[in-house]
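For reference, positions follow the sequence shown, starting with 1.
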Amino acid sequence: MIILGVGTDLVSVDRIRRLWSRYGTRALERILSEREYLVAESLRDPTRFLAMRFAGKEAVSKALGTGFRGLISLQAMTILPDALGKPTVSFSDDLRNELQRRRFAGIEISLADDGGWALAFAIAWAKEGADPERF
């Protein structure tokens, strides 16, 4: 395996709170995938959830070396916990197919929040012989 890239992002929870106060569910629709949206709408205050997902998706886009463009969008990624609570990243069908074509193998992500900040760290790796072309 080879490391494709590393990404990190830090988001002010207050910034996301202002976004949520101003735009409400439109903010949810812009940042979250359908599965994440279902979780967020069940929360009394989804601000922390939104901040951590936004930071996580930024970190993933940086680890992939692309930022948000083409197939890579906020809604094309889903970050939800597995059965043990570890955050996992999944992709829309189109993005997953493109990543597989380029021999992408996986991504690890870590999320944390404290003191009004949400932090994400992501590492993307590929199989040997991966296409080094960026998206």
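Val6 and Ile109 are members of different hydrophobic clusters when ILVMFWY side chains are connected at heavy-atom separations under 4.5 Å. Placement of Leu80 and Leu50 within a single hydrophobic cluster is found when ILVMFWY residues are connected by side-chain heavy-atom separations under 4.5 Å, directly or transitively. Under the 4.5 Å side-chain heavy-atom criterion for Ile, Leu, Val, Met, Phe, Trp and Tyr, Leu43 and Trp20 are members of the same hydrophobic cluster.
Pro46 approaches Ala40 most closely through the heavy-atom pair CB-O, 3.8 Å.
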Throw together a table of side-chain donor-acceptor distances under 3.5 angstrom for residues 112-119, partners on residues two or more places apart or in other chains.
residue	atom	partner	partner atom	Å
Asp113	OD1	Arg48	NE	3.2
Asp113	OD1	Arg48	NH2	3.3
Asp113	OD2	Arg48	NE	2.6

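The distance from atom CD1 of Ile72 to atom CG of Leu95, rounded to the nearest 0.5 Å, is 5.5 Å. Put simply, CE on Met77 and OG on Ser61 are 5.5 Å apart, with the number rounded to the nearest 0.5 Å. Annotation: the span from Ile123 atom CD1 to Ser110 atom OG amounts to 9.5 Å, rounded to 0.5 Å. With values rounded to the nearest 0.5 angstrom, Leu4 atom CG is found 8.5 Å from Ile107 atom CD1. One distance of note links CZ of Arg103 with CD1 of Ile2; it measures 9.5 Å at 0.5 Å rounding. Note that OG of Ser73 and CD1 of Ile31 are 12.5 Å apart. Values are rounded to the nearest 0.5 Å.
Listed for the Arg53 side chain is a donor-acceptor partner under 3.5 Å among the backbone atoms of Ile79. Within the 3.5 Å criterion, the main-chain N or O of Leu28 finds no donor-acceptor partner in the side chain of Thr25.
Applying the side-chain contact (heavy atoms from CB on, under 4.5 Å) test to Asn97 and every residue at least two apart in sequence or in another chain returns Gln100. Glu108 pairs by the side-chain hydrogen bond (donor to acceptor under 3.5 Å, both in side chains) definition with Lys86, not counting sequence neighbours. Arg96 pairs by the side-chain hydrogen bond (donor to acceptor under 3.5 Å, both in side chains) definition with Asp93, not counting sequence neighbours. With sequence neighbours excluded, no residue satisfies side-chain hydrogen bond (donor to acceptor under 3.5 Å, both in side chains) with Asp82.
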Take Leu32 and Leu74, measure what side chain to side chain contact (heavy atoms under 4.5 Å, CB included) needs, and give me the verdict at the end. CA-CA 7 Å; Leu32 304 176; Leu74 291 165; over 6 Å; no
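Every pair passing salt bridge (Lys or Arg N to Asp or Glu O under 4.0 Å) that includes a residue from residues 5-24 is listed here, sequence neighbours excluded: Asp9-Lys62, Asp14-Arg17, Arg17-Asp45. Applying the ring-ring contact (aromatic ring centres under 6.0 Å, His included) test to residues at least two apart or on different chains, the pairs with a partner in residues 46-101 are Phe91-Phe104. Sequence neighbours left out, the pairs with a member in residues 28-38 that pass salt bridge (Lys or Arg N to Asp or Glu O under 4.0 Å) are Glu36-Lys57. Applying the ring-ring contact (aromatic ring centres under 6.0 Å, His included) rule to pairs touching residues 24-43 yields nothing, sequence neighbours excluded.
Leu111 has its side chain out of reach of Phe121: every pair of non-hydrogen atoms, C-beta onward, lies at least 4.5 Å apart. Side-chain contact between Leu64 and Leu99 is present, with at least one heavy-atom pair separated by less than 4.5 Å.
Grouped by direct or indirect side-chain proximity (heavy atoms under 4.5 Å, Ile/Leu/Val/Met/Phe/Trp/Tyr only), Val13 sits alone.
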